[in-house]
*Asks:* 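Below: one structure in structure tokens.
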Amino acid sequence: MNFLHRWVTKRSEDDLPPAASTPGDRTFDTARALQDVRYALAEAMAQDYRAGLSEEEIVKKVLFTASKDDALALLHSGRLTHDALRALYPWMQEPDGPMVLFPHGTRAPTVLASWVDTESADDRRTRLRGLDEALRAAGIGYRDPATKQPRTEEDLVRGGQAPELFFLAAPDLVESVHTFSRPES
């Protein structure tokens, strides 16, 4: 019997979310909770990796919840996301941090520069000064999700599409957020 089945059968009706006003809310709420747990697991895996555990040791600890491939994908995307959060922290601080990070499950996270309409390009450059170096020091780059062409601080200054992050030493380690449609066979 798997964990999810045990968890569901142990819960009483009183433990479940209240009846939804529209069909699917209970499913949505549970899926959102599952997403939160996956992000927490990815963070824990990234911390274990930073603490010196090998990929194999970490994956072995979660094989009862995911396949080896899924566990590795979660580990690598978790490392990329959490390493990026640490590197981008100075640019993400409230109340006026210009950078926003968007995780995408086991795919590459994306970043977006958020600007006030009245900010000039020079103001934006000043606010982003050092960002490229901080990401490179963490072993991370950013690129166009569709073309895989590297992006620069100047691209962030101009705005537009949110670039995806990648490991400089292993650009294809974390799956891209951009998926190509395959022709029908």
Side-chain angles (χ1 to χ4, degrees), residues 1-114 131 134-135 138-143 145 161-167 170 172-179:
M1 181 185 295
N2 70 33
F3 169 77
L4 184 58
H5 180 71
R6 288 192 310 261
W7 181 77
V8 169
T9 57
K10 282 184 171 184
R11 296 184 66 137
S12 70
E13 282 294 317
D14 296 335
D15 293 332
L16 296 173
S21 58
T22 59
D25 282 352
R26 195 179 274 185
T27 300
F28 176 80
D29 292 343
T30 304
R32 166 122 318 135
L34 178 60
Q35 180 185 36
D36 292 345
V37 168
R38 287 177 56 89
Y39 288 136
L41 177 58
E43 179 178 11
M45 293 168 81
Q47 288 173 351
D48 282 348
Y49 186 84
R50 278 196 294 275
L53 265 63
S54 70
E55 287 181 5
E56 294 79 22
E57 292 172 302
I58 295 167
V59 167
K60 196 181 298 183
K61 292 176 183 290
V62 298
L63 283 178
F64 69 95
T65 63
S67 71
K68 181 178 180 179
D69 289 343
D70 290 344
L72 279 170
L74 189 60
L75 168 62
H76 296 311
S77 66
R79 283 180 45 221
L80 184 57
T81 298
H82 295 286
D83 289 355
L85 284 170
R86 291 168 57 169
L88 292 171
Y89 180 76
W91 293 273
M92 294 176 68
Q93 291 181 20
E94 293 297 329
D96 63 347
M99 297 303 299
V100 180
L101 181 107
F102 300 97
H104 297 284
T106 58
R107 294 180 183 216
T110 53
V111 293
L112 185 63
S114 176
L131 180 122
L135 284 171
I140 297 171
Y142 51 105
R143 63 188 177 193
Q161 185 181 23
E164 71 179 11
L165 300 175
F166 67 97
F167 286 115
D172 297 324
L173 188 60
V174 178
E175 185 179 354
S176 174
V177 293
H178 189 273
T179 57

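A quick note: this is a predicted structure, and the numbers were derived from the prediction, not measured. Residues: numbered from 1 along the sequence shown.
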*Asks:* With a 4.5 Å cut-off on side-chain heavy atoms, are L112 and Q161 touching?
*Replies:* no

*Asks:* CG/L85 to CG/L101 distance, rounded to the nearest 0.5 angstrom?
*Replies:*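 It comes to 5.0 Å.
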
*Asks:* Would you mind reporting whether F166 and R143 have side-chain heavy atoms less than 4.5 Å apart?
*Replies:* yes

*Asks:* Can you tell me how far apart CD1 (I58) and CG (L63) are? Round to the nearest 0.5 Å.
*Replies:*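 Reported value, rounded in 0.5 Å steps: 12.0 Å.
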
*Asks:* Out of curiosity, L173 CG to S77 OG, how far, rounded to the nearest 0.5 Å?
*Replies:* 9.5 Å

*Asks:* Would you say that V100 contacts W91 through its side chain, given a criterion of any heavy-atom pair below 4.5 Å between the two side chains?
*Replies:* no

*Asks:* Find out whether E175 and H76 are in side-chain contact, i.e. whether some heavy atom of one side chain is under 4.5 Å from a heavy atom of the other.
*Replies:* no

*Asks:* Looking at side-chain heavy atoms only, is the closest gap between R38 and L74 below 4.5 Å?
*Replies:*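 The answer is yes; the side chains approach within 4.5 Å.
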
*Asks:* Tell me whether R50 at atom CZ has more than 12 heavy atoms from other residues, nucleotides or ligands lying less than 6.0 Å away.
*Replies:*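 More than 12 heavy atoms, drawn from other residues, nucleotides or ligands, come within 6.0 Å of this atom.
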
*Asks:* Roughly how far, to the nearest 0.5 Å, is the CG atom of L135 from the CZ atom of R86?
*Replies:* 13.0 Å

*Asks:* Partners of T110 by side chain to side chain donor-acceptor pair (under 3.5 Å), sequence neighbours excluded?
*Replies:*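 Counting only residues at least two positions away or on another chain, T110 forms a side chain to side chain donor-acceptor pair (under 3.5 Å) with H104.
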
*Asks:* Does the side chain of L75 reach to within under 4.5 Å of the side chain of Y49, using non-hydrogen atoms?
*Replies:* yes

*Asks:* Would you name the heavy atoms of A108 and V174 that are closest together and state the gap between them?
*Replies:* N-CG1, 3.5 Å

*Asks:* Taking S54's backbone N and O only, do any of them form a donor-acceptor pair with E57's side chain (distance below 3.5 Å, no angle check)?
*Replies:* yes

*Asks:* Kindly compute the distance separating NZ (K60) from CG (L53), expressed to the nearest 0.5 Å.
*Replies:* 10.5 Å

*Asks:* Are D70 and T106 close enough that some pair of their side-chain heavy atoms sits under 4.5 Å apart?
*Replies:* no

*Asks:* Could you grab the distance from atom CG of L41 to atom OH of Y39, nearest 0.5 Å is fine?
*Replies:* 12.5 Å

*Asks:* If you compare all heavy atoms of V177 against all heavy atoms of P145, which two are closest, and at what distance to 0.1 Å?
*Replies:*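 Nearest pair, atom of V177 first, then P145: CG2-CB, 3.8 Å.
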
*Asks:* With a 4.5 Å cut-off on side-chain heavy atoms, are M45 and V62 touching?
*Replies:* yes

